[in-house]
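For ligands, and for the atoms within them, numbers begin at 1 and follow the listed sequence. FYI, the numbering just counts along the sequence from 1. Given the structure is predicted, the values throughout are model-derived calculations rather than measurements.
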Amino acid sequence: MIMLEPHSFAHGRWIAPGANAKTIASPVTGAAIARAGGSDLDFGAMVSHAVQTGGPALRAMTFHQRAKMLKALAVYLDTRKEGLYAINPLTGATRRDGGIDIDGGIITMMVIASKGRREMPDGHVYIDGDIEQTSRKGTFLAQHIATPLQGVAVHINAFNFPVWGMLEKLAPTLLAGVPAIVKPATQTCFLTEACLRMMIESGLLPEGAIQLIVGGTGDLLDRLGAQDVVAFTGSADTALMLRSNPHIMRNSTRFTAEQDSLNASILGPDAAPGTPEFDLFIKQAASEMTVKAGQKCTAIRRMIVPQAQLDTVSEALTERLRKTTIGDPADDPRMGALVSAGQKADVLEKAAMIGIEAEQILDASAFDLPDGPGFVAPMLFRCNDPDAAQNIHAVEAFGPVSTLLPYRDTAHAAELANRGQGSLVASLITHDPQVAREVTLASAAWHGRLYISDRDSMAEGTGHGSPLPHLVHGGPGRAGGGEELGGVRGVLHYMQRTAIQGSPDVLTAITGQWVPGATEKPAPQHPFQRTFREIEIGETITTDPREVTLADIEHFAHFTGDTFYAHMDDDAAKANPFFPGRVAHGYLLLSFAAGLFVQPDPGPVLANTGLNSLSFQKPVSPGDKITVRLTAKRKTQRTDDYGEVAWNVTLYNQDADQVAQYELLTMVSYER
Ligand code: NDP
């Protein structure tokens, strides 16, 4: 067996394990598999390298450029991932477990990249919310923006997901424009190192964007300041110790933690044996206990079932779990090993604490358990008095350990779920939407994610235990109080939100998006004849007026079938508080507006792809004359051939009163 020697990657250099490196033993055979850490790293130089080289290079790129870089990185890893699967069994994980870690990590990076392209601007400033109208005449406005922090993100990761744990934090960090120093858990750092080495070898990242610490963090945290972030995953004790660091507290260094979590799953009162929901609950419960040998921060630790179903659930789950094959992960059994002998000792100790309050109804005697140092059997407990129990709701045995708890009614079920004091996820299996609503209102505040499944959705369900890049991952209280992922929300953790106050011209210059009231430039030719590159933000055309006649309204009503009384019946319209009498259809006005501003000849405008924020602000009566003003508001590159131009469209009447406003979206070619 070759001894792995994971290196640190600091200020552009690979650094071998030092004299005091730790030996890592295989959880399967006990043989030494790696030497890690012990090198004398210069943490000051690492921070400087990140802040002075990595940060400026990343910030020079736009959100879209960074998103493209992430996508290329994910594709690069995807083509080389078998190299990671080859060493995955050394962590005790089966190939299926590795799929969550390796493919899960790559997919997470891809999704974050795609969200960056679709939901963030192709610029340097993220616009947060709408313009705030803080002046009567609109000459002094405000806009919240977010810009990348100018420090470094230190990622301290847990042993259980050496690849996903790194990539799920790196993707939002790099998309934000912030360099990272990754510190994986030592026990599985060789897999993290192999993945990070691929990323460096890809040449896709700017110098200083990522660095790796194998081993301890030395005085790194003492060097962090106001622009830095620590994102931690691991035990509550370590999180408490690290977040209490005086430098971190004094500088208000952002600290986000994802730590222990006593996740629960509730079987709905309607989900009796024989229903698809009952079967789903049993299947999900067994899977959550055995995937990654239960070493998942989202695994179900407490199964909360109706009192009347306790026996049936106990029997069905025990029977299913008995079929679990346990063995060398390289042989692809159902369940592999815990990560180390130390972790096994910890799990057995915690299981014993649970055993004080609950009867163990499934133990190792039911399994053919291999000898290796990391192997344990699924351990299922049953607690008849969950109200009196303490340990069940407080002790996280980070392995294939779970406890069944009976409940009286849905309020009691939610109360028991909440006794975990804050969790990453709770699930509810019910086909009764009213039960779903009751449990949600009673418990959502205690959980980062609520996973509600039934016969209608289970085929497409993403799984209780799977954090998705689109959704917030984190939870209140005991779960650490942090939030990761959640699409753009996760990116914003690495950015500073700032309220910018100023004139419309100032806000336009900062955001790159035209703000109503800012200077309008006369378009040198019709904007629909200008290519994406030629169109300048603020370019405006104002159309000739067009009178709206009663005949137009009649025609439109009969042509479309929209004979709503406000357009057809003068008396009925007058009785309505909004209308002076018969008025034009809003959609007629939109159609007239298009007829007024459109340039009909073939040209760079390829398609009208939508319309945002439409509001009809004043009724238009027969005889009114409307004029349209079209201003280029925002440009976003979409493909290599064309981009999206958003136009601010305003309709006025003959008295210069604004009658309607919307944002028109067009796809415009780069070339003529
Ligand atoms: P730890 O909290 O000990 O370790 C987590 C990370 O913190 C590792 O990278 C570790 O590095 C690092 N670390 C530990 N001490 C320090 C320090 N003083 N300074 C800087 N970094 C430090 O958790 P474990 O991984 O050992 O797991 C212990 C328990 O935590 C599990 O049994 C489980 O109960 C819980 N856990 C919960 C998770 C969750 O997401 N809910 C995930 C993983 C664990 P190193 O490995 O080098 O010590």
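- Not counting sequence neighbours, the partners of Leu450 by the side chain to side chain contact (heavy atoms under 4.5 Å, CB included) test are Ala426, Thr440, Ser443, Ala444, His447.
- Take Arg80 and apply the side chain to side chain contact (heavy atoms under 4.5 Å, CB included) test, not counting sequence neighbours, and it matches Tyr76, Met198.
- Within 4.0 Å of ligand 1, heavy atoms belong to protein residues Ile156, Asn157, Ala158, Phe159, Asn160, Lys183, Pro184, Ala185, Thr186, Thr217, Phe232, Thr233, Gly234, Ser235, Thr238, Met241, Leu242, Glu258, Gln259, Asp260, Cys297, Gln343, Asp346, Glu396, Phe398.
- A side-chain donor from one of Asn263 and Ser261 sits under 3.5 Å from a side-chain acceptor of the other.
- A search for salt bridge (Lys or Arg N to Asp or Glu O under 4.0 Å) contacts involving Glu288 returns Lys296, not counting sequence neighbours.
- For the 3.5 Å distance criterion, the side chains of His493 and Arg254 fail to qualify, holding no donor opposite an acceptor.
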Worked verdict on Asp97 versus Lys292 for salt bridge (Lys or Arg N to Asp or Glu O under 4.0 Å): CA-CA 5 Å; Asp97 297 338; Lys292 283 291 290 187; 5.8 Å; no
